[in-house]
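Structure provided below as structure tokens; questions to follow.
Note that the coordinates shown come from a computational prediction; the quantities given were computed from them, not determined experimentally. Hydrogens, waters and symmetry mates are skipped; everything else that's a heavy atom, side chains included, is used.
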Amino acid sequence: MKSYTLRVTCASTRGIVAAISGFLADAECNITDSAQFDDVETGRFFMRVSFRSEGAATLESLREGFDNIAARFGMEAEISDDSVKKKVLIMVSRFGHCLNDLLYRWRIGALPIDIVGVISNHHEYQKVVVNHDIPFHMIRVTADTKAQAEAQQMEIIEQTGAELVVLARYMQVLSDRMCQEMSGRIINIHHSFLPSFKGANPYKQAYERGVKLIGATSHYVTADLDEGPIIEQDTARVTHAQSPGDYVSLGRDVEAQVLARAVHAHIHGRVFLNGAKTVVFPPSPGSYASERMG
């Protein structure tokens, strides 16, 4: 039996859930997981449904058959095949903890993605990437070559068919044009618990303010630096006796976990953009299971 995911966004009104469940039942499909959210402030409705086809329904027939319901409710709707892995491109600079964590989770099957390449503006992780049989692209970025470098990056994205770009501590600011072209398709990890301590050296800023919690934030990239819709966050406790270097070391684990959770949520269709915010539904049962242990 094939498994699928249905994502729906529309204006809130009566009859949406009944129409969706009725359609799936008529198509001989069994719902295995469902989550919904009605935003009373914006009047928007969000729903994610996981289901199995227990009859002759195919992806094409399901999409075609759902068109009438989508038109009736003015829905933005998407049905995807759970067996098809999303193509992901990773970008990294000189901090490799998030890259290494993503590669490990990918290798054991905890992140069911197809990593189509890694782009870096440095050589440090070329061997690590190539040893995983993943294409490595070294593109230097300077103030004078930034436009050309970004053009190369966009060319790689198009050639590989990358559906998601993950900035795994890629320490370059992307242009407004790239952010707009890739809206909702670039995830960044910021080493701070946003909205506090934006920009450079957030751990130093946190240390100088004497915080008791440090954190990390994963968000979609927009033209406004560190202002994109937040997907995932977490924190670690610190004390007055720890140094800025301690903050950095403790923060690495938080960053890696937060970024991995954000990528997991995105590839499973659990994240919905809701203006400047996001709606993030809980993971379906079994979605964190690994294919192997190491």
Side-chain angles (χ1 to χ4, degrees), residues 1-7 29-35 48-54 58-59 78-92 95-120 125-137 156-157 160-170 184-189 216 218 220 231-234 252-272 278 280-294:
M1 291 182 289
K2 295 278 287 185
S3 296
Y4 302 94
T5 297
L6 167 65
R7 289 163 41 91
C29 295
N30 183 33
I31 295 174
T32 56
D33 186 50
S34 179
R48 177 185 181 274
V49 182
S50 297
F51 62 94
R52 288 196 302 263
S53 172
E54 297 179 344
T58 64
L59 181 61
E78 174 191 6
I79 301 177
S80 58
D81 184 339
D82 292 347
S83 66
V84 178
K85 296 179 179 180
K86 287 193 180 297
K87 295 182 177 180
V88 176
L89 183 74
I90 300 173
M91 297 176 68
V92 64
F95 299 95
H97 51 289
C98 289
L99 170 66
N100 282 310
D101 183 77
L102 291 172
L103 290 175
Y104 176 73
R105 293 175 192 267
W106 161 76
R107 191 171 68 243
I108 67 171
L111 273 181
I113 56 178
D114 179 11
I115 301 179
V116 295
V118 173
I119 295 176
S120 181
Y125 300 102
Q126 181 174 7
K127 185 175 180 180
V128 172
V129 173
V130 171
N131 284 348
H132 282 82
D133 295 323
I134 297 171
F136 180 85
H137 309 271
I156 293 169
I157 291 170
T160 59
E163 301 163 272
L164 175 67
V165 174
V166 179
L167 306 184
R169 291 300 300 273
Y170 181 68
R185 296 168 55 200
I186 305 179
I187 292 178
N188 183 45
I189 182 66
S218 190
Y220 287 116
I231 306 169
E232 181 63 56
Q233 293 182 291
D234 208 345
R252 286 184 185 133
D253 287 341
V254 182
E255 293 164 33
Q257 292 178 46
V258 167
L259 181 59
R261 292 203 295 263
V263 173
H264 186 278
H266 179 95
I267 65 171
H268 285 92
R270 297 194 283 113
V271 187
F272 292 75
T278 59
V280 184
F281 288 125
S284 297
S287 64
Y288 274 113
S290 301
E291 295 171 359
R292 50 192 180 278
M293 294 303 294

Next item on the list: Decide ring-ring contact (aromatic ring centres under 6.0 Å, His included) for F281 and H268; before the verdict, give the C-alpha distance in whole Å, the side-chain angles of both, and the deciding distance to 0.1 Å.
Entry: CA-CA 10 Å; F281 288 125; H268 285 92; over 10 Å; no
Item checked: Approximate separation, where rounding is to 0.5 Å, of E232 CD and Q257 CD ->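 Going from the CD atom of E232 to the CD atom of Q257 covers 10.0 Å.
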Checklist line | Which atom of D82 lies closest to which atom of T5, heavy atoms considered | finding: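 Looks like OD1-OG1, 2.7 Å.
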Notebook entry, point to check: Quick one: is the NZ or CZ of R48 closer than 6.0 Å to the six-membered ring centre of F272, and within 45° of its axis?
Noted result: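 No cation-pi geometry.
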Note to self: I'd like to know if the side chain of R252 and the backbone of H97 have a donor-acceptor N/O pair within less than 3.5 Å.
What the structure shows: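 Not at all, since once roles are kept as given, no pair shorter than 3.5 Å links the two residues.
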Next item on the list: Kindly compute the distance separating CD1 (I119) from CD1 (I156), expressed to the nearest 0.5 Å.
Entry: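 Rounded to the nearest 0.5 Å, the CD1-CD1 separation comes to 4.0 Å.
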Note to self: Given 3.5 Å as the limit, does a donor-acceptor pair link the side chain of Y125 with the main chain of G96, or not?
What the structure shows: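 Between the backbone of G96 and the side chain of Y125 there is a qualifying donor-acceptor contact (under 3.5 Å).
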Note to self: For the backbone of S50 and the side chain of T32, can you confirm whether one donor and one acceptor N or O come within less than 3.5 Å of each other?
What the structure shows: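 Yes, T32 side chain to S50 backbone: donor-acceptor pair under 3.5 Å.
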Checklist line | Non-hydrogen atoms of I134 and G117 that approach each other most closely | finding: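 Of all heavy-atom pairs spanning I134 and G117, the closest is CG2-CA, 3.7 Å.
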Note to self: Show the nearest heavy-atom pair for residues P135 and V129, with the distance to one decimal.
What the structure shows: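 Closest approach of P135 to V129, heavy atoms only: O-CG1, 3.9 Å.
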Note to self: Could you report the tightest heavy-atom contact between I115 and W106, atom names first, then the distance?
What the structure shows: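 It is CD1-CG, 3.6 Å.
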Next item on the list: Check whether any side-chain N or O of S218 sits under 3.5 Å from a backbone N or O of N188 as a donor-acceptor pair, and report yes or no.
Entry: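 Yes, because the side chain of S218 sits within donor-acceptor range (under 3.5 Å) of the backbone of N188.
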Margin query: Let me confirm one number: the CG-CG distance from L259 to L99, rounded to the nearest 0.5 Å.
Written below: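 The CG atom of L259 sits 10.0 Å away from the CG atom of L99.
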Check: Does the side chain of R270 come under 3.5 Å of the side chain of H264 through a donor N or O and an acceptor N or O?
Finding: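 Side chains of R270 and H264: pair found under 3.5 Å.
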Next item on the list: Could you grab the distance from atom CG of L164 to atom OH of Y220, nearest 0.5 Å is fine?
Entry: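 It is 7.5 Å, given to the nearest 0.5 Å.
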Notebook entry, point to check: Any idea which heavy atoms bring L102 and A168 closest together, and the distance?
Noted result: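 Taking L102 first and A168 second, the nearest heavy atoms are CD1-CB, 4.2 Å.
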Check: Between K87 and T160, is a side-chain contact (heavy atoms from CB on, under 4.5 Å) present by the stated rule, with each step listed?
Finding: CA-CA 8 Å; K87 295 182 177 180; T160 59; over 6 Å; no
Next item on the list: Compare every heavy atom of V116 with every heavy atom of A162, then report the nearest pair and how far apart it is.
Entry: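 Between these two residues, the closest heavy atoms are CB-CG2, 4.1 Å.
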